[in-house]
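Notes follow the structure.
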Amino acid sequence: MSYSTAGSLRAVTLDDVRGAQKMLSGVARTTAMEGSRHLSRLVGAPVHLKCENLQRTGSFKLRGAYVRIAGLLPEERAAGVVAASAGNHAQGVALASSLLGVRSTVFMPRGAPLPKISATRDYGAEVRLQGQVVDESLAAAEEYAHDTGAVLIHPFDHPDVIAGQGTVGLEILEQCPEVRTIVVGVGGGGLAAGVAVAVKALRPDVRIVGVQAAGAAAYPPSLAAGHPVSVRNPATMADGIKVGRPGDVPFGILGELVDEVRTVTEDELSTALLLCLERAKLVVEPAGASPVAALLSRPDAFDGPVVAVLSGGNVDPVLMERVLRHGMAAQGRYLAVRLRLTDRPGALASLLGALSVVDANVLDVSHVRTDPRLGLTEAEVELHLETKGPAHCAEVDRALRDAGYTVMD
């Protein structure tokens, strides 16, 4: 494929995306499109989920990585490739390299989840743990590329990568030709840029909405400024879109083709992940759930039919547990309460009895008797409860206070 080097709309064309689709035949899956009755009721129009969480390696990243590596010259392939990632890009590069017979080295942060490290190795890459965050791993990968001649495979800031990700857009139009709005998560911007190039060339009437986590939203200020700007210390549970600065190439495309970029909160992300699990029976990582979070936050803002791209499903089990608990709390289905009671025999049993009356399910109990803050006859109890919603949480709190317990705020 040939591209201009400018970070502009001309950097990637529909023909490039179609060429990438042919290249990916037999490599990347045409992932399922699943309808969501629950989201359709909320939005008031059909909502479909594009399940890239079911793609090989668990995310869309294989598409762009394979197209990029397949396009290397023979001498570049012989030198091998290098990448930096905390998870999805690492696995995409590892598998693509193995399929193409290219040696790959992937730098990952020391704190990367063990399942992602193991999967990257299983796909055939040599994994090197360096740095505490991805930016430090990327610096190590760039140094390695300089020293060895290996080709750095960037996760989003290259036309070949964007063309590969754009094949998701072609599949959406084939599977849901009546689509009016496509909602897609945005980190560096490679996926959204590729989808926008493919879809707008064929259906300029389709609205493309990007979604960022509020704590890592570099695109809104960048679009306002007219050039990429950095967000210092991006913070979000959605590590797949936790990018501090837009890529130059995708930024040029998004600025011309994407209709809107929205932000979602951590509560909205965790609620969306919980909904995907409970209602759609799909394991989705927080970044992959960001389009669903946008639909939940403003269901009246999207014209249907809507396609929400679930970009990945590689969620660490430890993070999954935390996010699900967070999502339950955001929905009023999980309540942590701390209170003081008189330290006497049967006091804890009486407390639990008061909770049973209001039908609160006790998940965990922490009972402290010795603490400088406590009086001689006091004990402190922290309870984690499963509840039925905000109204039930208020009922539990009221019942405890009415029973004479001191609830700590």
Side-chain angles (χ1 to χ4, degrees), residues 1-4 9-34 48-73 77 81 88-89 91-93 95-102 153-179 182-186 188-206 208 210 247 249-250 253-254 256-258 288 291 307-312:
M1 298 181 186
S2 61
Y3 307 93
S4 74
L9 180 59
R10 292 185 300 277
V12 186
T13 68
L14 175 62
D15 285 343
D16 298 324
V17 180
R18 283 175 165 161
Q21 188 176 47
K22 292 178 181 178
M23 190 179 293
L24 288 167
S25 178
V27 176
R29 295 171 181 153
T30 299
T31 51
M33 184 86 77
E34 298 288 344
H48 305 279
L49 306 175
K50 177 60 172 168
C51 299
E52 282 296 289
N53 58 310
L54 303 180
Q55 184 56 263
R56 296 178 71 178
T57 75
S59 88
F60 71 96
K61 290 288 191 178
L62 171 65
R63 297 174 183 262
Y66 187 91
V67 173
R68 172 77 173 101
I69 298 169
L72 295 178
L73 298 172
R77 290 196 191 194
V81 299
N88 289 347
H89 181 57
Q91 294 172 66
V93 168
L95 178 57
S97 299
S98 294
L99 293 173
L100 291 164
V102 177
I153 307 300
H154 199 281
F156 51 82
D157 204 11
H158 193 279
D160 284 353
V161 172
I162 294 170
Q165 321 305 27
T167 59
V168 174
L170 293 180
E171 290 179 15
I172 290 172
L173 294 182
E174 292 165 1
Q175 294 170 309
C176 185
E178 68 278 14
V179 63
I182 296 173
V183 191
V184 57
V186 178
L191 175 61
V195 169
V197 167
V199 172
K200 289 290 190 177
L202 296 168
R203 286 280 308 281
D205 60 303
V206 173
I208 309 290
V249 180
I253 296 170
L254 265 66
E256 296 189 50
L257 295 182
V258 169
V307 173
V309 181
L310 307 182
S311 58

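For this chain, numbers begin at 1 and follow the sequence in order. All values below come from the heavy atoms of this structure, side chains included, with hydrogens, waters and symmetry mates left out.
- Of the options Val81, Leu72, Ile69, a side chain to side chain contact (heavy atoms under 4.5 Å, CB included) to Leu100 is made by Ile69 and by none of the others.
- Side-chain N or O atoms of Gln165 include one that pairs as donor or acceptor with a backbone N or O of Gly64 at under 3.5 Å.
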Inset, instruction - Could you please spell out the steps behind the side chain to side chain contact (heavy atoms under 4.5 Å, CB included) verdict for Arg68 and His154? - result: CA-CA 9 Å; Arg68 172 77 173 101; His154 199 281; over 6 Å; no
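- Not a single donor-acceptor pair under 3.5 Å links the side chain of Arg56 to the backbone N or O of Gly92.
- Of the options Glu34, Glu174, Glu171, a salt bridge (Lys or Arg N to Asp or Glu O under 4.0 Å) to Lys50 is made by Glu171 and by none of the others.
- Under 4.0 Å is where a charged nitrogen must lie from a carboxylate oxygen, and between Lys200 and Glu256 no such pair does.
- Nearest heavy atoms, Ala196 versus Val258: CB-CG2, 4.2 Å.
- The shortest side-chain heavy-atom distance between Asp16 and Val197 does not fall under the 4.5 Å cut-off.
- When all heavy atoms of Thr167 and Gly164 are compared, the pair lying nearest together is OG1-O, 2.6 Å.
- What you find for Ala70 and Arg77 is that their closest heavy atoms are O-NH2, 3.0 Å.
- When all heavy atoms of Ile162 and Phe156 are compared, the closest pair comes out as CG1-O, 3.6 Å.
- Between the Gln55 side chain and the Arg29 main chain, a donor and an acceptor come within less than 3.5 Å of each other.
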Inset, instruction - Start with the C-alpha gap between Met23 and Ser25, add the side-chain angles, then the distance that decides, and say whether side chain to side chain contact (heavy atoms under 4.5 Å, CB included) holds. - result: CA-CA 6 Å; Met23 190 179 293; Ser25 178; over 6 Å; no
Inset, instruction - Please test Leu257 against Ile208 for side chain to side chain contact (heavy atoms under 4.5 Å, CB included), starting from the C-alpha separation and ending with a verdict. - result: CA-CA 8 Å; Leu257 295 182; Ile208 309 290; over 6 Å; no
Legend entry - Check against side chain to side chain contact (heavy atoms under 4.5 Å, CB included), His89 and Ile153: CA-CA 9 Å; His89 181 57; Ile153 307 300; 4.0 Å; yes
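- For the residue pair Glu52 and Thr31, a side-chain donor N or O sits within less than 3.5 Å of a side-chain acceptor on the partner.
- For the pair Arg203 (side chain) and Val179 (backbone), a donor-acceptor distance under 3.5 Å is present.
- Taking all atoms of both residues into account, the shortest heavy-atom contact from Ile172 to Met33 is CA-CE, 4.0 Å.
- Across all non-hydrogen atoms, the minimal contact from Val17 to Ala163 is CG1-O, 3.8 Å.
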